[in-house]
Colleague: 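Sharing a structure, written as structure tokens. Questions coming.
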Amino acid sequence: MKKINLVLSLTIGLVIFLMGQWPDNNLRLTFCNVGQGDAIIVSYKTYQVLIDGGPDNSVLYCLGKNLAFWDRKLEVVVLTHPQADHMTGLIEVFRRYRVEKFLASNIVNDTPEYWQLKELVASQGIKTKELTSGDKLRFGPVELEAIWPETQVLGAASFIKDTNKIATVLKGRFNNFKWLLTSDSGEKEESLMRNKWEPVEILKVGHHGSKYSSGESFLKTIRPKAAVISVGKNQFGHPTPEVLKRLEAIGAEVLRTDEKGTIQIESDGKSWWLNGVK
């Protein structure tokens, strides 16, 4: 009888655990704590998009915590631009996860990490596509749209020195819930996207809170309810007092990964809420 009760208890426990792992109908934006870098998971049911991979293998811990334990597949990986703090962690991601599609610009960054990642993607035969303004990715009711860079800018910039200028900017929508992921774009690029600005609930603050991003007119137009800053210990003073002051002026709640760790925002398409540290 004791053995039967033990088996029954274990079975019930396993069922409860699996139910907790089973996806619901909500969208989750997970801003991974990867130090001074970017790594963002956009997940809806069993569909997962990883945007950037951070400067090291910290992204693997974030994926392990926020994907179901049996799920080793990423439907899409996006590299906004080939700088180390966005790119390096993707090397191990491609080694350990099955990636169906890789979206990235054709910008070349002549570093060992860049060529290692490029060779790895090619050797696995992963579908690749260049992302430019107007390209859309849809899964269920979720839409991600690239609003920068423009095709003509990207086509002439394969070996551009400052890759931040053509870093991919993504606008997301899930029914009435909207967000904007600005990568490392600066005020000049923000102004060039002026005709695509619209109010959003969540902003991923540009360039880790650099004073040269998140301009005043840009913020006053999109008026995010919450502003996520992906940042770690750094010598640049990120996030800068200037940006924090501009965010305070529009009433945005500032959420920093160096203070809160990994940040997850969940939405049912109507409202949204903060899940806290993961």
Side-chain angles (χ1 to χ4, degrees), residues 31-32 34-40 49-56 58-59 76-94 101-122 126 128-135 137 144-171 180-193 196 203-215 218 228-232 234-240 243:
F31 300 87
C32 299
V34 292
Q36 183 72 1
D38 277 12
I40 303 161
V49 179
L50 174 64
I51 301 165
D52 290 335
D56 54 34
S58 300
V59 65
V76 179
V77 170
V78 179
L79 174 61
T80 60
H81 62 303
Q83 286 189 344
D85 57 333
H86 295 250
M87 174 182 65
T88 306
L90 292 180
I91 294 171
E92 281 301 316
V93 169
F94 277 98
K101 185 179 291 186
F102 182 49
L103 305 179
S105 66
N106 65 352
I107 308 167
V108 173
N109 186 4
D110 193 12
T111 64
E113 293 80 11
Y114 171 83
W115 295 114
Q116 189 176 2
L117 180 62
K118 187 176 178 66
E119 182 179 350
L120 191 58
V121 172
I126 297 168
T128 61
K129 185 182 186 304
E130 183 179 340
L131 265 182
T132 56
S133 179
D135 288 340
L137 175 65
L144 283 173
E145 179 185 0
I147 62 172
W148 187 260
E150 298 289 353
T151 307
Q152 61 269 28
V153 174
L154 189 58
S158 293
F159 287 89
I160 190 170
K161 290 184 179 180
D162 186 2
T163 59
N164 292 336
K165 294 182 180 297
I166 45 180
T168 301
V169 175
L170 294 167
K171 180 169 62 177
L180 186 63
L181 309 177
T182 55
S183 188
D184 279 357
S185 59
E187 286 191 67
K188 181 179 179 181
E189 291 69 52
E190 291 168 0
S191 66
L192 292 172
M193 292 179 268
K196 296 168 186 174
L203 168 69
K204 201 293 294 186
V205 174
H207 205 178
H208 321 291
S210 164
K211 66 180 179 180
Y212 303 110
S213 299
S214 306
F218 168 69
V228 179
I229 305 178
S230 185
V231 66
N234 66 90
Q235 69 270 35
F236 310 110
H238 297 161
T240 59
V243 165

Colleague: Could you walk me through whether Leu50 and Leu90 satisfy the side chain to side chain contact (heavy atoms under 4.5 Å, CB included) test, starting with their C-alpha distance in whole Å, then the side-chain angles of each, then the deciding distance to 0.1 Å, before giving a yes or no?
Modeller: CA-CA 9 Å; Leu50 174 64; Leu90 292 180; 3.8 Å; yes
Colleague: Quick one: does Asn234's side chain have a donor or acceptor within less than 3.5 Å of a partner on Gln36's backbone?
Modeller: no
Colleague: CG/Leu180 to CD/Glu190 distance, rounded to the nearest 0.5 angstrom?
Modeller: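 Atom-to-atom, Leu180:CG and Glu190:CD are 9.0 Å apart.
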Colleague: Minimum heavy-atom separation for Ala146 to Thr168, with atom names?
Modeller: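 Nearest heavy atoms, Ala146 then Thr168: CB-CG2, 4.4 Å.
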Colleague: For Ser185 versus Val169, what's the shortest heavy-atom pair and its separation?
Modeller: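 Here Ser185 and Val169 meet closest at OG-CG2, 3.8 Å.
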Colleague: Do Pro82 and Lys118 touch side chain to side chain, with heavy atoms closer than 4.5 Å?
Modeller: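 The answer is no; the side chains never approach within 4.5 Å.
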Colleague: Supply the atom-to-atom distance Leu137 CG to Leu131 CG, rounded to the nearest 0.5 angstrom.
Modeller: 8.5 Å
Colleague: Could you tell me the separation between the CG atom of Asp184 and the OG1 atom of Thr163, rounded to the nearest 0.5 Å?
Modeller: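 Nearest 0.5 Å value for the CG-OG1 distance: 7.5 Å.
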Colleague: Are the side chain of Lys211 and the backbone N or O of Val243 linked by a donor-acceptor pair below 3.5 Å?
Modeller: no
Colleague: Keeping Thr240 on the side-chain end and Gly209 on the backbone end, is there a donor-acceptor pair under 3.5 Å?
Modeller: yes
Colleague: Over all heavy atoms of both residues, which pair between Ala39 and Val34 is shortest? Give the atoms and the distance, please.
Modeller: CB-CG1, 4.0 Å
Colleague: Determine whether Tyr212 and Asn164 make a side-chain contact, defined as any pair of heavy atoms from C-beta on separated by less than 4.5 Å.
Modeller: no
Colleague: Quick one: closest heavy-atom pair of Ser230 and Asp38, and the distance?
Modeller: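 Scanning both residues, the minimum pair turns out to be CB-OD1, 3.3 Å.
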Colleague: Can you check whether Phe31 reaches Ile51 side chain to side chain, under 4.5 Å on heavy atoms?
Modeller: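 In short, these two side chains do not touch, never coming nearer than 4.5 Å.
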Colleague: Between CG of Leu103 and NZ of Lys129, what distance do you get to the nearest 0.5 Å?
Modeller: 7.5 Å
Colleague: What are the two closest heavy atoms between Gly206 and Ser214, and how far apart are they?
Modeller: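 Looking at all heavy atoms of both residues, the closest pair is N-OG, 3.7 Å.
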Colleague: Under the ring pair (Phe, Tyr, Trp, His ring centres under 6.0 Å) test, which residues partner Tyr114, sequence neighbours left out?
Modeller: none
Colleague: Quick check: His86 with His208 (ring centres under 6.0 Å apart)?
Modeller: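 Yes, they do, as the ring centres are separated by less than 6.0 Å.
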Colleague: What heavy-atom pair brings Ile91 and Leu120 nearest, and what distance separates the two atoms?
Modeller: O-CD2, 3.2 Å
Colleague: Calculate, to the nearest 0.5 Å, the distance between atoms CD and OG1 belonging to Gln83 and Thr88 respectively.
Modeller: 10.5 Å
Colleague: Give, for atom OG of Ser183 and atom CG of Asp52, the distance between the pair rounded to the nearest 0.5 Å.
Modeller: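 Atom-to-atom, Ser183:OG and Asp52:CG are 5.5 Å apart.
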Colleague: Quick one: does any side-chain atom of Glu189 pair with a main-chain N or O of Gly186 as donor and acceptor, under 3.5 Å?
Modeller: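 Judged by distance alone, yes, a pair lies under 3.5 Å.
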